[in-house]
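Bear in mind that the values here come from a model prediction, so they are computed numbers and not experimental data. All ligand and atom numbering here is 1-based and tracks the order in the structure.
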Amino acid sequence: MIDLRSDTVTKPSEEMRAAAAEAEVGDDVYGEDPTVNELESAAAEIVGMEAALYVPTGTMGNQIAARVHTDRGEEILVERESHIYKWELGGLAQHSALQVRTLDGGDRGIPTPEQVRDGYVEADAHRPGTGLLSLENTHNSKGGVAIAPEKIDAAAEAAHDLGIPVHLDGARVGNAAVALDVSPARIVENVDSVMFCLSKGLGAPVGSMLAGDEEFIAHARRVRKLLGGGMRQVGIVGGPGLLALENVSRLADDHENARLLAERLADVDGLSVQPPETNIVLVNTEHAGLTAEEFLELCADEDVIGSAFGTHVVRFCTHWNVDREDIKTAAERIRNAL
Ligand SMILES: *Cc1c(COP(=O)(O)O)cnc(C)c1O
């Protein structure tokens with residue numbers, strides 16, 4: 001089986017398993033887990049922020065950020081296809097009592113400064129006021145597009161001029177950095193907080209990082225506890241997380257594999273393929289006369305699996321447990337499936 005459903009399906013390496021077994025641990029709720037403390041400092045340094053917090057999932061990291069940055073009843077500006085809005089169970093309403101206002105970020109999922117200004121509402125006797133702008137990079141639903149730092153800067157500057165903070169859902173910010181050949185720190189230079197996942201292309205079994213300034217992280221630590229995310233000897237999974245941080249540069253292999261898969265699939269009659277910028281390949285099946293689900297069933301019969309991303313859109317995701325040969329085989333099997 002070649003599993004291209006997600007970059008979360010990776011199994012930890014022997015090295016990661018050894019790091020888990022050997023990790024020095026303590027009670028992290030008391031701030032006494034040396035492995036987690038090291039992980040949090042290393043993560044903060046990678047994104048050039050004052051502090052970071054280890055959280056069980058990217059979803060929790062995003063939801064904590066929304067909660068910390070806003071007051072109950074405010075509005076949050078999000079891109080209409082963003083993960084924080086579409087795929088987190090309406091958590092913005094449930095955990096933070098926010099009203100969501102969506103912006104259409106177009107093909108690349110990045111709102112313009114004008115859209116930010118138009119979406120902003122000032123608090124008055126009738127209107128709740130805008131509390132936060134949330135951006136996403138790479139943008140998952142748009143096919144893993146890598147948003148240039150200048151675009152993030154422009155949207156963030158518009159928000160800051162209006163007095164509102166900016167969060168970046170950077171679940172795959174490492175992929176964006178590698179694709180654009182800039183540092184993760186440069187991408188988040190002008191936002192107030194960032195979440196990124198250790199459990200996606202970086203290969204850790206568990207965990208995401210939330211980073212920001214000291215005051216933000218101190219508050220985030222309290223909200224993590226509130227949500228039930230205060231963990232104890234969690235260096236056991238933090239150890240592999242530290243190794244994951246060293247994996248950022250190897251994301252280039254995933255990107256190359258995604259390009260190879262896209263090239264091969266573009267030659268298959270009936271499929272149209274969005275040229276990938278990172279590790280996500282979106283394939284449209286409409287001209288093959290198949291829905292995404294029907295196409296995926298045919299692929300599964302040939303031992304290749306992917307995810308349905310729309311009625312006629314399938315997502316294939318490359319990751320460190322599939323190599324170049326696997327990709328060639330997958331492309332051949334998909335051709336046979338059709
Ligand atoms: C996966 C993902 C998340 C959430 O991460 P989990 O660890 O699965 O909760 C958030 N944002 C984006 C863009 C993602 O792809």
Query - Asn279-His319 side chain donor-acceptor pair, cut-off 3.5 Å - result: no

Report task. Consider only side-chain N and O atoms of His167 and Ser193, and report whether a donor and an acceptor are under 3.5 Å apart. Result -> yes

Taking only heavy atoms of [X], which atoms of ligand 1 are found under 4.0 Å from at least one of them?
X	value
Asn62	10 (C), 11 (N)
Arg172	15 (O)
Met195	10 (C)
Asn140	15 (O)
Ala171	2 (C), 11 (N), 12 (C), 13 (C), 14 (C), 15 (O)

Query raised in the report: Relative to ligand 1, is Thr57 under 4.0 angstrom through side chain, backbone, both or neither, heavy atoms considered?
Result: both

Spatial distance of atom [atom1] ([X]) from atom [atom2] ([Y]) [nearest 0.5 Å]:
X	Y	atom1	atom2	value
Asp28	Gln233	CG	CD	9.0 Å
Glu302	Arg335	CD	CZ	12.5 Å
Leu243	Leu39	CG	CG	10.0 Å
Ile152	Ile110	CD1	CD1	4.0 Å
Cys299	Leu338	SG	CG	6.5 Å

Report task. Only heavy atoms count here, so choose which of Lys86, His83, Glu136 is nearest to atom 4 (C) of ligand 1. Result -> His83

How close does the nearest protein non-hydrogen atom get to [atom], and which residue and atom is it?
atom	answer
atom 2 (C) of ligand 1	Lys200 NZ, 2.2 Å
atom 11 (N) of ligand 1	Asp169 OD2, 2.6 Å
atom 9 (O) of ligand 1	Thr59 OG1, 2.6 Å
atom 6 (P) of ligand 1	Gly58 N, 3.5 Å

Report task. Give yes if a backbone or side-chain nitrogen or oxygen of Met60 is under 3.5 Å from a nitrogen or oxygen of ligand 1, and no if not. Result -> no

Query raised in the report: Is the shortest N/O to N/O distance between Glu88 and ligand 1 below 3.5 Å?
Result: no

Query - Basic-acidic side-chain contact under 4.0 Å: Arg172, Asp254 - result: no

Query raised in the report: Under a 4.0 Å N-O cut-off, is there an ion pair linking Asp153 with Arg186?
Result: yes

Requested in this report: Decide whether the shortest distance between a heavy atom of His139 and an atom of ligand 1 is less than 4.0 Å.
Outcome: no

